[in-house]
Amino acid sequence: MKKLLNILLRYYAFWITFSILMRAGFLFYNHEQTAEFSSTEIIKTFLYGIKLDLCMSAYFLLIPLLLLTFSFLIKKSILKTILNIYTFLLILISSWISIIDFELYRNWGFRMDKTLLLYLKTPGEAFASTETWITVLFLASILIVTLALFFAYRKLIINSIDVCNLKSTKNSLWLLLALPLLILPIRGGFGVATLNTSAVYFHTAPFVNHAAINVVWNVGYSLSTNENAKSYQFFNNEKANLIFDGLQKENGNTSRMLNTSRPNIIIIILESFSARIIEPLGGEAGVCPNFNRFCNEGVLFDHFYANGDRSDKGLACIISSYPAQPTSSIIKFPEKT
């Protein structure tokens, strides 16, 4: 019995260690943002993030625990094969999510969730803006990490099964009784509400809160929750209509902005453009000199913000004045567009 428990505890510790290493990798890869915070704040990302690490590891432990519980019904060689395949796939998927997230976060500003699935439907377009050497580097990193972790798993965990007595029904009974103990880390405690992303938030700065998130858990959580919002109504109809009507009122006073009565209007839509590279808006100097010239020659709106957090939402607003939806995009529904 002790040997079986030892294997399960090592398996649990294996995935907790994986989560800690991936968080360290995330902080190292995004070192420029990490350097903005003190060592105490960085340490707290590990201390707060352990809640999600324990939860993810408990989910991964469920199958091995069930297999060992009923191991008296399975041949030892078959049991090891099933555990090896199960663990290898988990390592591969988890490594892929964690390592790809390093780079995605630099571009998206949030940890990976099921949003990525929208882009995997058209992988050619999704990787069109990524340089080939970066893709090769990340694929190689995923392969190396996967093989190294699987080797460690085989060396430290699975080979120990050979010296275990798997035919004892008494051992199986004790393991069955231990199964409910996983509910505690999965739920995140004894509270009424189950564990969610906000449980690891501890700071006013988004980056350190995001660093505390276990990205593998985050992907699984987003896939398991139904985020098709029914309604986002923040005001009653009377107040909403009052605000909207106020936007449409005219007082008869206008200011002439153009120096011609028949302007030639050209709309230029720039992908991933940012105020951080526009000099008149306080951005880096010399990056876009022609755009800077347009700012000085024309009318510059310096408090104009993007409508939506993704391109597919912003395009619908620019072209059709269609407001961004919280969890979906009108572009993805051809019957509506």
Side-chain angles (χ1 to χ4, degrees), residues 25-39 41-42 45 100-113 115-116 118-119 124-135 137-138 201 203-211 213 246-247 253-326 329-331:
F26 174 84
L27 289 165
F28 177 77
Y29 192 85
N30 295 280
H31 58 89
E32 292 181 356
Q33 295 187 69
T34 302
E36 297 175 8
F37 301 92
S38 67
S39 57
E41 290 169 316
I42 298 304
T45 65
I100 293 297
D101 177 69
F102 292 170
E103 176 64 20
L104 284 182
Y105 184 82
R106 297 180 67 177
N107 295 279
W108 288 6
F110 62 88
R111 303 304 296 269
M112 189 195 298
D113 55 17
T115 303
L116 183 66
L118 300 175
Y119 298 93
E125 288 79 357
F127 290 99
S129 59
T130 305
E131 294 185 52
T132 303
W133 72 270
I134 294 179
T135 303
L137 178 62
F138 272 87
Y201 282 18
H203 205 281
T204 55
F207 176 74
V208 282
N209 289 332
H210 293 163
I213 296 173
L247 299 174
N253 299 321
T254 60
S255 299
R256 188 175 182 85
M257 299 176 64
L258 304 178
N259 54 18
T260 176
S261 58
R262 296 183 62 84
N264 179 28
I265 298 174
I266 300 172
I267 298 178
I268 303 172
I269 305 172
L270 298 177
E271 172 74 18
S272 299
F273 211 60
S274 170
R276 287 177 291 184
I277 59 172
I278 301 175
E279 191 173 351
L281 293 177
E284 293 287 336
V287 178
C288 49
N290 290 318
F291 195 90
N292 294 338
R293 179 169 55 83
F294 293 151
C295 293
N296 296 323
E297 292 178 357
V299 179
L300 176 65
F301 295 89
D302 55 7
H303 282 70
F304 199 92
Y305 293 88
N307 187 283
D309 57 347
R310 307 301 305 159
S311 301
D312 50 3
K313 299 177 185 179
L315 287 171
C317 178
I318 294 170
I319 297 171
S320 304
S321 298
Y322 196 94
Q325 305 303 291
S329 171
I330 194 71
I331 281 181

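Throughout, numbering of the chain's residues begins at 1 and tracks the sequence. Not measured: the values here are computed from a predicted model.
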**Request:** Evaluate the ring planes of His31 and Phe28, with Trp represented by its six-membered ring, and classify them as parallel (under 30°), tilted (30 to 60°) or perpendicular (over 60°).
**Result:** tilted

**Request:** Assess whether side chain to side chain contact (heavy atoms under 4.5 Å, CB included) is satisfied between Arg106 and Asn30, documenting all intermediate values.
**Result:** CA-CA 7 Å; Arg106 297 180 67 177; Asn30 295 280; 2.9 Å; yes

**Message:** Any heavy-atom pair between the side chains of Leu281 and Leu300 that's under 4.5 Å?
**Reply:** yes

**Asked** CG of Leu137 to CD1 of Ile134: how many Å apart, nearest 0.5 Å?
**Response** 8.0 Å

**Message:** Between Phe273 and Phe291, is there a side-chain heavy-atom distance shorter than 4.5 Å?
**Reply:** yes

**Message:** For a quick test of reading the model, state the closest non-hydrogen atom pair linking Met112 to Leu104 and the distance between them.
**Reply:** CE-CD1, 3.6 Å

**Asked** Looking at side-chain heavy atoms only, is the closest gap between Tyr201 and Ile213 below 4.5 Å?
**Response** yes

**Asked** Closest approach of Leu258 and Arg256, non-hydrogen atoms and distance?
**Response** O-NE, 3.2 Å

**Asked** If you take all heavy atoms of Leu27 and Ala211, which pair is closest and at what distance?
**Response** CD2-CB, 3.7 Å

**Heavy-atom closest contact (Pro289 atom, Gly286 atom, distance)** = CD-O, 3.9 Å

**Prompt:** What pair of heavy atoms forms the shortest contact from Ala205 to Asn209, and how long is it?
**Reply:** O-ND2, 3.4 Å

**Request:** Could you tell me whether a side-chain N or O of Asp101 sits under 3.5 Å from a main-chain N or O of Arg111, the two making a donor and an acceptor?
**Result:** no

**Message:** Taking Ile277's backbone N and O only, do any of them form a donor-acceptor pair with Ser274's side chain (distance below 3.5 Å, no angle check)?
**Reply:** no

**Message:** Applying salt bridge (Lys or Arg N to Asp or Glu O under 4.0 Å), can you list everything that pairs with Arg310, at least two apart in sequence or on another chain?
**Reply:** none

**Request:** May I ask you to decide if Cys295's main-chain N or O and Arg293's side chain share a donor-acceptor pair within less than 3.5 Å?
**Result:** no

**Asked** Does CD in Glu32 sit with more than 12 non-hydrogen atoms of other residues, nucleotides or ligands closer than 6.0 Å?
**Response** no

**Prompt:** What class does the angle between the rings of Phe37 and Phe207 fall in, given that below 30° is parallel, 30 to 60° is tilted and above 60° is perpendicular?
**Reply:** parallel

**Asked** Ignoring hydrogens and geometry, is there a side-chain-to-backbone donor-acceptor pair from Asp312 to Ile331 under 3.5 Å?
**Response** no

**Asked** Between His210 and Gly109, what is the shortest heavy-atom contact and its length?
**Response** CE1-O, 3.4 Å

